[in-house]
Amino acid sequence: MPSFSIPLSGLNANSQDLSVIANNLANLNTVGYKDAVANFQDLFYQQIGTNGAGDPMQVGVGTTVGAIAGQFTQGSIESTGVPTDVAIQGGGFFTLVRNGLQEYTRAGNFSVAANGSLVTADGGLVQGFEAVNGVINPNQTLGAISIPTGLTSPPKSTSNVAVTLNLDSGTPLGLIPASQQTGTGIAPATTLQTGGVLAISDGTNSFSYTTAASDTLNDVITAINGNANFTASLSGNSLIITAVNGQAITFTTNSLTDAAGSTQSESFAASGSSTTGTFSTSVAVNDALGASHVLTFAFTKTGANAWDYSITIPAADVGATGNPVVLKTGTMAFNGSGQLITPASDVAGIAVTGFANGANNLTFNWQLYDPNGSGLLTQVAGSSATSSTLRDGYASGTLNRFNIDSTGIIEGIFSNGQTVPIGQIALATFSNEEGLLRNGSNDFLPSLASGTANVGQPGTAGRGTLTGGSLELSNADIATEFSKLILAERGYQANARAITTFDQVTQDAINLKQ
């Protein structure tokens with residue numbers, strides 16, 4: 001008599017196959033879904049004898065589903081433009097913690113929770129490596145990735161500035177402004193009246209001197225020459241004062257007389273003014289608090305291929321009043337080809353002290369040469385003009401947006417123009433992916449068959465890379481699934497027909513007694 005259990009096992013196996021196929025079709029649009037395939041195997045066999053050659057004669061007792069294998073092939077990558085969406089290209093799984101349980105997924109449709117945590121659709125916390133002061137250490141303990149709202153980038157004080165400009169070689173020398181006495185003057189060795197005051201200004205810088213006991217005109221000259229902004233000399237009894245920056249001098253106070261009878265005095269006339277020979281440009285620097293200060297770089301031609309420079313800051317920025325404060329002065333020389341030769345190196349150690357806002361003192365370098373040794377300043381025929389100004393300091397900023405790169409690093413883009421790492425998403429690999437347990441909600445759990453997770457940075461040790469703003473789609477193919485569906489349906493129908501055939505044979509045997 002036939003065994004009904006044989007086609008019945010076929011019905012059960014094909015029914016399970018239909019369920020697997022239906023589940024694949026149901027998840028055609030599930031993010032990161034991995035297709036499954038039911039693999040059949042035959043059951044044991046009953047040996048009913050041997051043939052004349054001694055070969056065994058066996059009758060099988062049916063089939064069963066031997067394995068339901070996961071197909072961990074790559075799904076298609078679709079761009080979404082959503083910054084929290086991430087797709088894995090290659091091997092690996094995102095690592096999650098949900099309700100204290102470590103889980104793994106290929107679905108990268110993440111979002112940012114109210115507390116800044118990067119989470120899955122069902123609340124799993126995406127794991128990775130947090131950045132500390134903009135530095136990621138992949139050897140640190142794995143933890144939840146956080147992108148808090150209101151994240152700030154601290155300010156950085158300027159340590160280097162660079163100006164690329166040309167000074168017109170055809171600039172004519174301007175009139176060197178000076179002032180001198182118009183009368184007979186005071187003899188250089190004559191003792192001056194104590195308390196006499198000489199105060200001058202070039203429109204930018206000021207100088208004042210009050211005579212002490214036994215001072216002579218030579219002492220006044222020495223004091224003036226000790227100031228970086230003015231020079232003084234004698235022509236007979238005539239005192240000549242010149243501004244270093246080439247500007248006209250005005251005298252706000254002049255009460256110099258001789259000590260004996262106050263019969264000798266120095267009278268000063270208004271000096272000439274320079275209308276040519278100068279060029280200036282501005283460069284903004286940042287202090288330690290992030291505040292911006294605009295410095296003026298002024299250049300005055302003093303001769304063929306020779307220029308003076310002066311760097312100033314507004315007086316109010318450093319708690320002073322009046323004219324801008326001079327930070328640095330010096331000379332420059334160019335060769336016959338217009339290339340800078342003096343100074344021969346960058347101007348280092350330019351100091352700004354006493355900021356009115358309480359910021360720490362600032363020291364920065366003025367880079368005059370590029371990495372190849374070529375001067376950033378030239379002097380050729382053509383208009384004096386600034387091509388570019390660069391500085392490495394910046395103000396504080398707030399997080400505007402972020403990107404996720406191929407290595408999983410979350411790059412924060414801040415309002416101050418800085419791009420700073422916030423964290424790095426980790427990936428896990430397993431020695432046997434098919435040994436993972438499907439836990440629903442796009443998640444997998446490890447098992448003894450899968451082995452333990454090997455967690456690390458994307459793009460290393462066989463882990464895939466990431467694509468930000470994209471998602472990995474289901475790898476289930478509708479055409480393939482429909483083909484398998486037809487085969488499973490035909491298998492089910494064939495086994496059902498075998499049962500009806502067995503039933504008919506059995507019925508015929510019963511009818512033999514009639």
Side-chain angles (χ1 to χ4, degrees), residues 1-48 56-76 93 101 103-107 121-122 430-451 472-511:
M1 296 295 292
S3 174
F4 284 90
S5 62
I6 296 174
L8 183 60
S9 68
L11 287 177
N12 289 332
N14 282 280
S15 177
Q16 291 172 346
D17 189 19
L18 286 169
S19 296
V20 171
I21 296 169
N23 187 59
N24 291 338
L25 291 170
N27 287 281
L28 280 173
N29 296 317
T30 299
V31 176
Y33 176 77
K34 294 305 175 185
D35 186 65
V37 176
N39 295 320
F40 292 6
Q41 67 180 23
D42 52 0
L43 292 175
F44 64 91
Y45 287 80
Q46 178 183 5
Q47 185 166 334
I48 60 175
M57 295 187 297
Q58 296 175 293
V59 177
V61 296
T63 186
T64 187
V65 176
I68 298 178
Q71 304 297 300
F72 289 90
T73 57
Q74 180 69 48
S76 299
F93 298 81
L101 182 65
E103 300 178 334
Y104 305 91
T105 186
R106 291 281 297 194
D122 59 348
F430 297 87
S431 56
N432 177 25
E433 293 178 331
E434 293 187 15
L436 292 170
L437 297 172
R438 298 182 187 242
N439 195 44
S441 300
N442 292 335
D443 297 336
F444 295 87
L445 296 176
S447 69
L448 292 176
S450 68
E472 181 189 14
L473 304 182
S474 169
N475 68 349
D477 176 67
I478 188 170
T480 301
E481 297 304 321
F482 276 179
S483 298
K484 291 192 296 184
L485 185 65
I486 294 171
L487 292 175
E489 180 185 13
R490 289 293 179 260
Y492 193 94
Q493 290 173 339
N495 282 278
R497 180 59 58 88
I499 289 178
T500 59
T501 301
F502 283 5
D503 177 62
Q504 184 63 48
V505 170
T506 303
Q507 187 62 46
D508 289 344
I510 293 173
N511 291 338

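Note: hydrogens, waters and symmetry copies are ignored here, and every other heavy atom, side chains too, is used.
- Scanning both residues, Ile499 and Phe4, for their nearest heavy atoms gives O-CE2, 3.7 Å.
- Taking every heavy atom of both residues into account, Leu436 and Pro446 meet most closely at CD2-CA, 3.8 Å.
- Atom CG of Asn432 is separated from atom CG of Leu448 by 11.5 Å, given to the nearest 0.5 angstrom.
- Judged by distance alone, with hydrogens and angles left aside, the side-chain atoms of Ser450 form no donor-acceptor pair with the main-chain N or O of Ser431 at under 3.5 Å.
- The shortest side-chain heavy-atom distance between Leu11 and Tyr492 falls under the 4.5 Å cut-off.
- Between Gln493 and Arg497 there is no side-chain heavy-atom pair separated by less than 4.5 Å.
- With hydrogens and angles disregarded, a donor-acceptor distance shorter than 3.5 Å links the side chain of Asp477 to the backbone of Thr480.
- The heavy-atom pair separating Phe40 from Ala13 by the smallest distance is CZ-O, 3.5 Å.
- Atom CD of Gln16 is separated from atom CD1 of Ile21 by 12.0 Å, given to the nearest 0.5 angstrom.
- Atoms CD1 and CG, on Ile6 and Asp42 in that order, are 11.5 Å from each other to the nearest 0.5 Å.
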(message) Let's go through Thr73 and Asn475 carefully: what are the C-alpha distance in whole Å and the side-chain angles of both, what is the deciding distance for side chain to side chain donor-acceptor pair (under 3.5 Å) to 0.1 Å, and is it a yes or a no?
(response) CA-CA 7 Å; Thr73 57; Asn475 68 349; 2.9 Å; yes
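- In this structure, Glu472 pairs ionically with Lys34, as a charged nitrogen and a carboxylate oxygen lie closer than 4.0 Å.
- Under a 3.5 Å cut-off, the side chain of Asn442 and the backbone N or O of Thr105 do not form any donor-acceptor pair.
- Every ring-ring contact (aromatic ring centres under 6.0 Å, His included) that Phe430 has, sequence neighbours left out, goes to Phe93, Tyr104.
- Listed for the Asn23 side chain is no donor-acceptor partner under 3.5 Å among the backbone atoms of Ser19.
- Using a 4.5 Å cut-off on side-chain heavy atoms (C-beta onward), Arg438 and Phe444 make contact.
- Distance check, rounded to the nearest 0.5 Å: CG of Asp17 to CD1 of Ile68 gives 8.5 Å.
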(request) Show the numbers, then the answer: is there a side-chain contact (heavy atoms from CB on, under 4.5 Å) between Leu101 and Leu445? (result) CA-CA 9 Å; Leu101 182 65; Leu445 296 176; 3.8 Å; yes
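- Ser447 contributes a side-chain N or O that, together with a main-chain N or O of Ala449, makes up a donor-acceptor pair within less than 3.5 Å.
- Taking OG of Ser9 as the reference point, atom CG of Asn14 lies at 9.5 Å (rounded to 0.5 Å).
- Gly10 and Thr63 get closest at one heavy-atom pair: CA-CG2, 3.7 Å.
- In this structure, Lys484 and Asp35 approach most closely via the heavy-atom pair NZ-OD2, 3.7 Å.
- What you find for Ala36 and Val20 is that their closest heavy atoms are O-CG1, 3.5 Å.
- In the displayed structure, Ile48 atom CD1 is contacted under 6.0 Å by more than 12 heavy atoms of other residues, nucleotides or ligands.
- If you take CG on Asn24 and OH on Tyr33, they are separated by 4.0 Å, rounding to the nearest 0.5 Å.
- A donor-acceptor pair is defined here as one N or O able to donate and one able to accept, closer than 3.5 Å; no such pair exists between the side chain of Ser474 and the backbone of Val31.
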